[in-house]
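Remarks on the structure that follows.
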Amino acid sequence: MRKGLDKATIDDIADEVGSTKGRVYHHFRSKNAIFFAVYRRAMELCFEAVEPVFASDSPAAQRLEGMAHAHAMVMMEHLPFQRGIRSGVEMYLHGSTTAAERETLTELIGIRDEYERLFRRVLEDGVADATLEVDDVPIAGRAILGALNGLTDWYRPRTGESGAEREAIARSLTRTVLNGVVRR
């Protein structure tokens, strides 16, 4: 997270976890393989937080608010993993990878797309039950997740920060993203 995927070395990773380069290579064939494991775990954390809210019987607007809040909390509570996903998109779009790595990236992007589809489905449900007004569901889904994912760029945990403080950030961000700032 400190050096970025391109600049971090296996030696850096081994030092960070208090291990040797050989032990790291025993578990992972390459730096990209480590990255793929981090990306996969980041997506698991997102699904674990959001799927229960998505599956609830609440009206779509409530589910969307709960999903956005849960997503924001995951961003803050698992920041290093979530920053990894952002790196993955860049690698996918611009990085030089092997055919096998490109295949793995395509699979991981597919998992991320399925996660985005949860938000799109609740937006569609909200249009259907008239609890949400959405002009373009794909754009709305991307805008919501893009704004929430921005946490990885600006959020920095403070020493002694409480769960209640993270909850307040998530609540404020969720309200801003879903309700905007313009009075109607």
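All residue numbers in this chain count up from 1 along the given sequence.
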Please indicate whether Arg23 has more than 12 foreign heavy atoms, meaning atoms of other residues, nucleotides or ligands, lying under 6.0 Å from its CZ.
-> no
Does Glu44 come within less than 4.0 Å of Arg41, counting only side-chain N to carboxylate O?
-> yes
Write down the atom of Glu48, the atom of Pro52, and the distance for their closest heavy-atom approach.
-> O-CD, 3.3 Å
So ring-ring contact (aromatic ring centres under 6.0 Å, His included) across residues 112-135, not counting sequence neighbours, yields Phe47-Tyr115, His71-Tyr115, Tyr115-Phe119
What is the distance from atom SG of Cys46 to atom CE of Met73, rounded to the nearest 0.5 Å?
-> 13.0 Å
Minimum side-chain heavy-atom gap Gln82-Leu45 below 4.5 Å = yes
Evaluate the side-chain proximity of Phe28 to Ile10: yes if any heavy-atom separation is below 4.5 Å, no if none is.
-> no
Spacing of CG belonging to Asp136 relative to CZ belonging to Arg142, to within rounding of 0.5 Å | 9.0 Å
Evaluate salt bridge (charged side-chain N to carboxylate O under 4.0 Å, His left out) for Glu116 paired with Arg120, printing each intermediate quantity in order.
-> CA-CA 6 Å; Glu116 184 179 315; Arg120 287 184 186 186; 2.8 Å; yes
Identify the two heavy atoms, one from Gly126 and one from Asp129, that lie closest to each other, and give their separation to 0.1 Å.
-> O-OD1, 3.0 Å
With side chains defined as the heavy atoms from C-beta onward, is the minimum distance between Ile144 and Leu123 less than 4.5 Å?
-> yes
Looking only at non-hydrogen atoms, find the nearest pair between Ser58 and Arg63 and report the distance.
-> O-NE, 3.1 Å
For Thr9, the side chain to side chain donor-acceptor pair (under 3.5 Å) test, sequence neighbours excluded, returns Asp12
From CA spacing to verdict: salt bridge (charged side-chain N to carboxylate O under 4.0 Å, His left out), Arg29, Glu101 = CA-CA 11 Å; Arg29 301 189 90 152; Glu101 289 171 337; over 6 Å; no
Calculate, to the nearest 0.5 Å, the distance between atoms CG and CZ belonging to Leu105 and Phe36 respectively.
-> 4.0 Å
Using atom types as modelled and distance alone, determine if a side-chain donor or acceptor of Thr131 lies under 3.5 Å from a backbone N or O of Ala61.
-> yes
Is any side-chain N of the basic residue among Glu107 and Arg40 closer than 4.0 Å to the acidic one's carboxylate O?
-> yes
Between the CE atom in Met67 and the CD atom in Glu51, the distance rounded to the nearest 0.5 Å is 9.0 Å
According to the ring-ring contact (aromatic ring centres under 6.0 Å, His included) rule, which pairs have a member within residues 134-155, sequence neighbours left out?
-> none
So do Asp113 and Ile109 actually touch side chain to side chain, heavy atoms under 4.5 Å?
-> yes
Determine, stepwise, if the pair His69 / Glu167 fulfils side chain to side chain contact (heavy atoms under 4.5 Å, CB included).
-> CA-CA 8 Å; His69 186 272; Glu167 287 281 346; 2.6 Å; yes
Check against salt bridge (charged side-chain N to carboxylate O under 4.0 Å, His left out), Arg117 and Glu114 = CA-CA 5 Å; Arg117 278 191 284 280; Glu114 182 56 36; 2.9 Å; yes
For Asp11 against Lys21, the heavy-atom pair lying closest together = OD1-CD, 3.4 Å
Check Ala49 against Val74 and note the closest heavy-atom contact, atom names and distance.
-> CB-CG2, 3.2 Å
So CD of Glu65 and CG of Leu132: to nearest 0.5 Å the spacing works out to 10.5 Å
Residue Glu103 excluded, over 12 heavy atoms near CD under 6.0 Å | no
Leu148 and Ala72: which non-hydrogen atoms are nearest, and at how many Å?
-> CD2-CB, 4.4 Å
Taking everything shown except His27 itself, do over 12 heavy atoms lie less than 6.0 Å from its NE2?
-> yes
So, the side chain of Glu165 versus the backbone of Ser162: is there a donor-acceptor pair under 3.5 Å, distance only?
-> yes
For Ile169, does its backbone N or O pair with a side-chain atom of Ser172 as donor and acceptor, under 3.5 Å?
-> no
Output for pair (Leu118 CG, Leu145 CG), nearest 0.5 Å, gives 9.5 Å
